[in-house]
Amino acid sequence: MPKLSDRVHTFTDSVIRRMTRISDEHGAINLSQGFPDFDPPQEIMDALAKAAHEGPHQYSITFGAENFREALAEKQGKAIGRKIDPEKEIVVTCGGTEAMMCAMMTICNPGDKVMVFSPFYENYGADAILSGAEPIYIPLVPPQYNFDLKLVEEGFRQGAKAIIVCNPSNPCGKVFSKEELMAIGKLALQYDAFVVTDEVYEHMVYAPNTHTCMASLPGMYEHTITCNSLSKTYSITGWRLGYLIGPEEVIENAKKVHDFLTVGAAAPLQEAATVGLKFPQSYYDDLLATYTEKRAYFLEGLDKIGLKHNVPQGTYFVLIDIQEFLDLPQFKGYTDLEFCEWMIMNIGVAAVPGSSFFREEVNHLIRLHFAREKATIDEALARLEKLQELKK
Ligand code: GLN
């Protein structure tokens, strides 16, 4: 067979998505890839049924249907605190995944350096490779997942073109404070670099933490590319609706990248999801209340069965420390990935191995999520309790 590109040999498939496949094969409760097991809001489903009968069924404008972009500009304009031009400052993409890839392809030349916090969402590594960028990793140090601003400055001094800020942060649940964002932003301005944000969990920020958009900070709009998606906010991860918001010149070029990558996001789905973008504030309050309750319930359950975990400030992910199990003779030499595979087959719960998120040698953490109905969380906790029997 002729040789494939060198590029494809430099990264693996996504471990997050792989764990879902293994989980499904074995009928486990899937707490690995983050997506809810409950329906989207009724109004959105009704709008989808209507779109099925009334259209649109053909391409929308490549950078997003007009009504969808207008609704987005209105909603996100409030979050960012400025008027967003739906013609010039938004590109609608196939999910947050394409939004991030599109941002990277738009700003990076091969060899450009981009700072990435570690732990990071798995995609950023592949985004960097595919766009030719070289990541510089900045550790987020547990338990608070704080970072050393001097390392960020050092990265910019080395000429980093951009820094990726996932806020709230997958997988560690960190919510960057306004002060932290201002400090990062100040450096980005000083060194004339971009901040690329991933804000897909913006509505899952638990009190007393609050979400600040980087683009809302003084002087930052011109230096920020905000990547986001409707997946988590409206429980429609399979619809693949995402977007970028940024200054006109960036967006003008991001539109070209997006157009030749995918042409556009699904037209009927944009039509239906526009209804969601127009929901009143009470929708987001209720969503947060739901996840706040699920978080408390899941963490309490983990405490009851004695599993060590972090307390996420945002997102629906929890990192569990599995060192006590890895120390048992039967797991001698196991990697976290092998432990997760064992867990799927023997405990019936799927997790993502922490090593897929860390630059550092980390083998003692696994990630679970709690975007599940209460009965499923109960069953998952009952199964996880069996882990403790291993220690007897
Ligand atoms: N963000 C989700 C996770 O980390 C999954 C997103 C995806 O697989 N596209 O599990």
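Only this structure's heavy atoms are used, side chains among them; waters, hydrogens and symmetry mates stay out. Note that ligands are numbered from 1 as they come in the structure, with each ligand's atoms numbered from 1 the same way.
For the ring pair (Phe, Tyr, Trp, His ring centres under 6.0 Å) test with Tyr291, the passing option among Phe298, Tyr297, Tyr316 is Tyr316; the others fail.
Classification of Lys232 and Glu202 as a salt-bridged pair fails, no side-chain N sitting under 4.0 Å from a carboxylate O. At a threshold of 4.0 Å, the pair Lys174-Glu180 counts as salt-bridged, since one of the basic side-chain nitrogens sits closer than that to a carboxylate oxygen.
Judged by distance alone, with hydrogens and angles left aside, the side-chain atoms of Arg157 form no donor-acceptor pair with the main-chain N or O of Tyr191 at under 3.5 Å.
Taking the six-membered ring where the residue is Trp, Phe117 and Phe176 present tilted rings, their angle falling between 30° and 60°. Relative orientation of the Phe279 and Tyr283 rings is tilted, given thresholds of 30° and 60° on the angle between their planes.
Using a 4.0 Å heavy-atom cutoff, Tyr201 is listed among the residues neighbouring ligand 1. In this structure, His369 has no heavy atom closer than 4.0 Å to ligand 1. In this structure, Glu122 does not count as a contact residue of ligand 1, since none of its heavy atoms falls inside 4.0 Å of the ligand.
Below 3.5 Å of separation, one finds an N or O of Gln33 facing an N or O of ligand 1. Taking only nitrogen or oxygen atoms, main chain and side chain alike, Gly34 reaches within less than 3.5 Å of ligand 1.
Interface atoms of ligand 1 facing Phe317, defined by a heavy-atom separation under 4.0 Å, are 3 (C), 4 (O), 10 (O). Atoms of ligand 1 found under 4.0 Å from any heavy atom of Asn170 (numbered from 1 in listed order, with element): 1 (N), 3 (C), 4 (O). Of all the atoms in ligand 1, the ones that sit under 4.0 Å from a non-hydrogen atom of Lys232 are 1 (N), 2 (C), 6 (C).
With ring centers used as reference points, Phe68 lies 6.0 Å or more from Tyr243.
Under 4.0 Å from ligand 1, the heavy atoms of Arg17 that appear belong solely to its side chain. In Tyr121, the part holding a heavy atom less than 4.0 Å from any atom of ligand 1 is the side chain.
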Using the ring-ring contact (aromatic ring centres under 6.0 Å, His included) rule, take Trp342 and Phe331 through it: C-alpha gap first, then chi angles, then the decisive distance, then the call. CA-CA 10 Å; Trp342 177 89; Phe331 296 116; 4.8 Å; yes
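Of the protein's non-hydrogen atoms, the one nearest atom 3 (C) of ligand 1 is Arg367 NH2, 3.4 Å.
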